Amino acid sequence: MSEKVRTRFAPSPTGYMHIGNLRSALYGYLFAKKNGGEFILRIEDTDQGRYVDGAVQIIYDTLRDAGIEYTEGPDKGGPYGPYMQSQRKEIYMEYAKKLIETGAAYYCFCTPERLASMKDTSVQDANGVTRYDKHCLSLSKEEVEEKLKAGVPFVIRQNIPAEGKGTYHDMVFGEVTVDYKDMEDGILIKSDGMPTYNFANVVDDHLMHINYVIRGVEYLSSTPKYNLMYDAFGWERPHYMHLSPVMKDAQHKLSKRNGDASYEDLVQKGYIKEAILNYIALLGWAPKDNSEKMTLAEMIDKFSVDGLSKSPSIYDEAKLRWLSGEYVKEMSEEEFLKRAEPFIAKSKAYGKYDVKLLAKLLQPRTEVLGDIPAKIDFLEEYGAFDLALYDNKKQKCSAEVAKNILPALLDEMRGWEDYSNAALYEKLVAFAAERGVKNGQVLWCLRIALTGTAVTPGGASEMAELLGKERCIDRLGRAIANLR
RNA sequence: GGCCCCUUGGUCAAGAGGUUAAGACAUCGCCCUUUCACGGCGGCAACAUGGGUUCAAUUCCCGUAGGGGUCACCA
């Protein structure tokens, strides 16, 4: 039991990497690293019909981007390759034949027509479910040879015992038992010579020395079938860890088909990567100490199987958003600028204002980088605005007050040279004192006059600094004109 | 429908046979304040249900309901 832990992530390249997939990869990675083991990537592309161009690349990119490192994989090599199932075709056939020799599998020559005819006739059980009737199991060795020689298309099926139950221990669900009579003699090798998942995963996991199989709950009740094969081969069964799904709501799984967010989408929307990974780790798992914000290294350190939840978890973007904001806030100014600039660049204001200053103002009020353009577009959309914006009960401000204050303020501001935030603030407060009005009245009116916007990423002096003297004078003049 | 599995606030979740049943997000209110945020403080809000077992069950057992998964030459 001192055997080195080896886990694997085995996605099929059928499209984008959704949150649930990434989470499975993460958990496999965390478990392996926590135990000083290896995390391996295997691509399950045995269904040519479902293959999507570029999907494998997305898998590589996403894992790399997220920081989930695998030590063996199609693009990295390793001692038990190839790691792409389509390149292992012969291996599966060889092992399938071994299973046939032991009686755990058999050739089946039934035509699609015969199979289809079973559906609507006699052979259904009480629930209307049709299972293969083991018709070809009774073929003699000679008959099989003959058909094989004649080139009759065939499939290889698993020979499930008619009686008995399969029991195993799952690391998160505990004891799981399934009756063999509820299982069908599933196809192991398809007529095109390719294995099905049901067979390939067993052969590969064994050959690749995977001793901890971590995957979605959808395999929970078919696992006894796999164990039957491990037993038939005389192989040691792996440990199993089944993961409950990530849901969009109480009854729907998160899926790309429904337009639900994939890792890529979230990154594109400007969620901080580290936050995405952190959040999905928390979806279905909680560390002993209940930490929430964790680095990958901390997650590895805190990972434990008993923190995994058995019930499905509903994905909540609001919490992801919050976490993303937490990561934004702790970034250095430089780091934030680096990550935010591409998003600032999407705004009309880009290039017209000091981007460093913009970033500084934005950082404490940003959770998702994609929100940035909408926060600063107003800088370039100045025009006539609703005078009601001057109304602010708390600051005792209104258009009337503005009419009173602004002209004199404009005169003052023409004479100011230093438009840095600190200098501006000092002078504005002094101006308020001189006139015997509240700071808030001056500041509120000025900010509205300068921006024509209710919500801005900063106060009056900050907006004035950002705009610069020339724009300030110009806008103030226009605002005053609008007040008449 | 059969089978397998699950069930603590709106969401993520901790928890244990005896607790005032944590915490976080969201939400609401207050404070701070140069808007918006940040921050601080506080509020609302949960053990699906019916039976057992037990001195005591939200926690253990059974049923019911609800939910998920599965029943493919898909993974």
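All figures in this text were calculated on a predicted structure; none of them were measured in a lab. Below, read A as the first sequence line, B as the second, and so on, with proteins coming before strands; counting in each chain starts at 1.
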key: Integer-rounded Å distance: rC5(B) C1' and Lys310(A) NZ   = 9 Å
ask   = Using a cut-off of 4.0 Å on non-hydrogen atoms, how would the nucleic acid contact of Glu44(A) be classed: base, sugar-phosphate, or nothing?
value = sugar-phosphate
task = Both distances under 3.5 Å, Watson-Crick or G-U wobble: report the partner of rC44(B), or none.
result = none
message = Under 4.0 Å, counting only non-hydrogen atoms across every strand here, what does Glu184(A) touch: a base, just sugar-phosphate, or nothing?
response = sugar-phosphate
query = Across all strands, who's sitting opposite rG17(B) as a Watson-Crick or G-U wobble pair, both distances under 3.5 Å?
reply = none
query = Is the phosphate of rG39(B), meaning OP1 or OP2, less than 4.0 Å from a side-chain N or O of Lys329(A)?
reply = yes
task = Take the protein atom CD1 of Ile156(A) and the nucleotide atom C1' of rC73(B), then report the distance between them rounded to whole Å.
result = 12 Å
task = Name the nucleic acid region contacted by Lys253(A), choosing base, sugar-phosphate or nothing; use a 4.0 angstrom heavy-atom cut-off, strictly under.
result = sugar-phosphate
request  = Determine whether any donor atom in the side chain of Ser191(A) lies under 3.5 Å from an acceptor atom in the base of rC73(B), or the reverse, and answer yes or no.
outcome  = yes
request  = Consider the side chain of Trp322(A), meaning its heavy atoms from C-beta on, and name the nucleotide among rA24(B), rC4(B), rC73(B) that approaches it most closely.
outcome  = rA24(B)
ask   = Using a cut-off of 4.0 Å on non-hydrogen atoms, how would the nucleic acid contact of Thr453(A) be classed: base, sugar-phosphate, or nothing?
value = nothing
query = Which is true for Thr366(A) with a 4.0 Å heavy-atom rule: it touches a base, it touches only sugar-phosphate, or it touches nothing?
reply = nothing
ask   = Between the base of rA26(B) and the side chain of Lys319(A), is there a donor-acceptor distance below 3.5 Å?
value = no
task = Starting at atom CZ of Arg8(A), determine the distance to atom P of rA75(B), rounded to an integer number of angstrom.
result = 13 Å
task = Find the distance Ile314(A):CD1 to rA46(B):P and express it as a whole number of Å.
result = 18 Å
note = Side-chain atoms of Asn290(A) come closest, of rA22(B), rU35(B), rC3(B), to rA22(B)
request  = Just label rC62(B) as syn or anti from its O4'-C1'-N9-C4 or O4'-C1'-N1-C2 angle, using within 90° of 0 for syn.
outcome  = anti
query = What nucleic acid atoms does Ala460(A) come within less than 4.0 Å of, heavy atoms only: base, sugar-phosphate, or nothing?
reply = base
request  = Kindly say if Gln251(A) contacts the phosphate of rG68(B), meaning a side-chain N or O under 4.0 Å from OP1 or OP2.
outcome  = no
ask   = Taking OP1 and OP2 of rA75(B), is either one under 4.0 Å from a side-chain nitrogen or oxygen of Thr46(A)?
value = yes
message = From the set rG2(B), rC12(B), rC6(B), return the single nucleotide nearest to any side-chain atom of Leu283(A).
response = rC12(B)
Lys319(A) bridged to Glu292(A) by N-O distance under 4.0 Å = yes
ask   = Taking the side chain of Lys190(A) as heavy atoms from C-beta outward, which of rC74(B), rC6(B), rU70(B) is closest to it?
value = rC74(B)
message = Just checking Tyr197(A) against Tyr219(A), ring centres under 6.0 Å apart?
response = yes
ask   = Quick one: is Ser313(A) getting a side-chain N or O under 4.0 Å of the rA13(B) phosphate, OP1 or OP2?
value = yes
inquiry  = Need one value for Leu282(A): base, sugar-phosphate or nothing, where a base atom within 4.0 Å counts as base even if backbone is also close, heavy atoms only.
reply    = sugar-phosphate
message = So if I take every side-chain heavy atom of Ala286(A) and compare against rU35(B), rG15(B), rA13(B), which nucleotide ends up nearest?
response = rA13(B)
request  = Tell me whether the guanidinium CZ or amine NZ of Arg471(A) lies under 6.0 angstrom from the six-membered ring centre of Tyr353(A) and within 45° of its axis.
outcome  = yes
ask   = Is Lys190(A) salt-bridged to Asp192(A), cutoff N-O under 4.0 Å?
value = no
inquiry  = Of the options rA75(B), rC3(B), rC71(B), whose atoms approach the side-chain atoms of Asp47(A) most closely?
reply    = rA75(B)
Electrostatic pair Glu298(A):Lys302(A) at N-O distance under 4.0 angstrom = no
task = Would you indicate what Asn439(A) reaches in the nucleic acid, counting non-hydrogen atoms under 4.0 angstrom: base, sugar-phosphate, or nothing?
result = nothing
Proximal nucleotide (of rU11(B), rC12(B), rU35(B)) relative to the Asp316(A) side chain = rU11(B)
ask   = rA75(B) C1' sits how many Å from Gln85(A) CD, rounded?
value = 9 Å
query = Could one point to a donor on the side chain of Ser222(A) or the base of rU70(B) with an acceptor on the other under 3.5 Å away?
reply = no
task = Provide, to the nearest angstrom, the distance between the CG atom belonging to Asp249(A) and the P atom belonging to rU7(B).
result = 19 Å
remark   = Picking from rU70(B), rU35(B), rC5(B), the nucleotide nearest the side-chain atoms of Phe173(A) would be rC5(B)
ask   = Think Arg478(A) forms a cation-pi with Tyr382(A), using NZ or CZ under 6.0 Å from the six-ring centre and within 45 degrees of its axis?
value = no
query = Out of rC71(B), rG68(B), rU35(B), which nucleotide sits closest to the side chain of Pro245(A)?
reply = rG68(B)
message = So Gln363(A), base contact, sugar-phosphate only, or nothing? Heavy-atom distance under 4.0 Å.
response = nothing
remark   = For rA72(B), the nucleotide meeting Watson-Crick or G-U wobble distances (both under 3.5 Å) is none
